J.: 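My questions will all concern the structure given below.
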Amino acid sequence: MLLPQEIIRRKRDGQALSLEEIQFMVDGITNGQLSDSQIGAFAMAVYFNSMNGTEATALTCAMRDSGQVLNWDHLNLPGPVVDKHSTGGVGDLTSLLLGPMVAACGGHVPMISGRGLGHTGGTLDKLEAIPNYSISPTSQQFESIVKDVGIAIIGQTGELAPADKRLYGIRDVTATVESIPLITASILSKKLASGLEALVMDVKAGSGAFMPNFAQSKALAESIVEVANAAGVKCCALLTDMNQPLAPSAGNAVEIAETLRYLKGDTSAHRLHQVTKALASEMLLSSGLASSQQEAEDKLAASISSGAALERFAKMVSALGGPNDFVERSELYLPQAKVVKPVTAKQSGMVKQLDCRELGMAVVGLGGGRSVPGAAIDHSVGISELVELGDVVDKGQNLLMLHANDEDAWQAAAKQIQQAIKLDEPSSAQADVNPVYQRIGPC
Ligand code: URA
């Protein structure tokens, strides 16, 4: 007979657990037979002693199967079911771009997204800047939008991977979030439960990333790729830069406005463009929608120039309750902050640091993110037109536009932002670097 305390003891002492023991623990998490303290102790034992690939795969599959596992076979979709997931960043709106782009290229993207966490923004919060956009349609609505439009971005339902919901809540308050096998199982249990054929992971590295250093980000990417492929889903990962916000905008409504600019053909936000193009190409290649990098890039470029990706975005918004004319008249619908003014350089020099975490926290401090779970947020605030690392600015030149809802909040955020941005003597060391560092994986 299996006993939780014996399984926890074995993991505490650094032993590998059997599939049966892992299944027992996940069952106990799901059906309530394990107490919060036992789950916390188990998570801490895994945090300190990790898991091998076989254990991490068993944990992921057991958590995936703890609730509903979507299956798209009965819909006879004409294209593959494919998705992308990011470990989270600042100004990272790639999901809003590549979802409609891949849909326009023939893919079906059932994207279950999350809310902002810490200093990072959340796709669901951004979409909720659109009046009446519903992140919780019925299962039938979700299926029919994925079928007809090709893309639906919604929130996690209670039925998907309930073991993760409970385990994550306990990890959050027991200092056990930063464990590679636990993060792997948490992310993948939800993604694999959405019935994908292929998954592309964007694992962020840098000062604004979730993992503390490049080696750990790489180890996380390798773990996710190994486990997803072992669980039967084609998966590769790109390690991408999060030493500065990915887009020139960070916030909710401002990132939706950035989304529309991009989908309407302005791809001049070049770091955002490079990462979006790389991830979307991997989605097309891994799902068989393109057979070479060039073909993938050509199809993606055509999805923008033809207006097809913008049309998919517009259809998704209206199918999920948003205005039918949102993309044509977005300025009437997106909330605007009352105080929108530039933050300017106090000296001339080259931009040497854009502390992602601090910039993200400045947006949270303005009300664009949460300090208490479930709190309401202010969708109108944020930053836009942000300079990039390596830009040379003159004293008095704009570093960014800051959107706040009153003067005091604007002043407090501007002070925080001045400290997050460091200017110094120009040098050649800051030359333009490709934000896509490395590809990991077989697909
Ligand atoms: N995102 C998740 O869904 N789970 C984790 O453990 C970390 C990030």
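In each ligand, atom 1 is the first atom listed, and ligand 1 is the first ligand listed. Not measured: the values here are computed from a predicted model.
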J.: Among all protein non-hydrogen atoms, which one is nearest to atom 1 (N) of ligand 1, and what is the separation to 0.1 Å?
T.: I187 CG1, 3.9 Å

J.: Find all atoms of ligand 1 within a distance of less than 4.0 Å from any non-hydrogen atom belonging to Y168, and give their numbers and elements.
T.: 4 (N), 5 (C), 6 (O), 7 (C)

J.: Is the shortest heavy-atom distance from the side chain of K218 to the side chain of Q438 under 4.5 Å?
T.: yes

J.: Got the closest protein heavy atom to atom 4 (N) of ligand 1, with its distance?
T.: S186 OG, 2.6 Å

J.: Name the closest protein heavy atom to atom 7 (C) of ligand 1, giving the residue it belongs to and the distance to 0.1 Å.
T.: F210 CE2, 3.6 Å

J.: Is it true that R166 and D36 have a side-chain N and a carboxylate O under 4.0 angstrom from each other?
T.: yes

J.: Can E311 and K315 be counted as an ion pair, charged N to O under 4.0 angstrom?
T.: yes

J.: Do the charged groups of E258 and K126 touch, with an N to O distance under 4.0 Å?
T.: no

J.: Any non-hydrogen side-chain atom of L260 less than 4.5 Å from a side-chain atom of F326?
T.: yes

J.: In the protein, which heavy atom is nearest to atom 3 (O) of ligand 1, and how far is it?
T.: K190 NZ, 2.5 Å

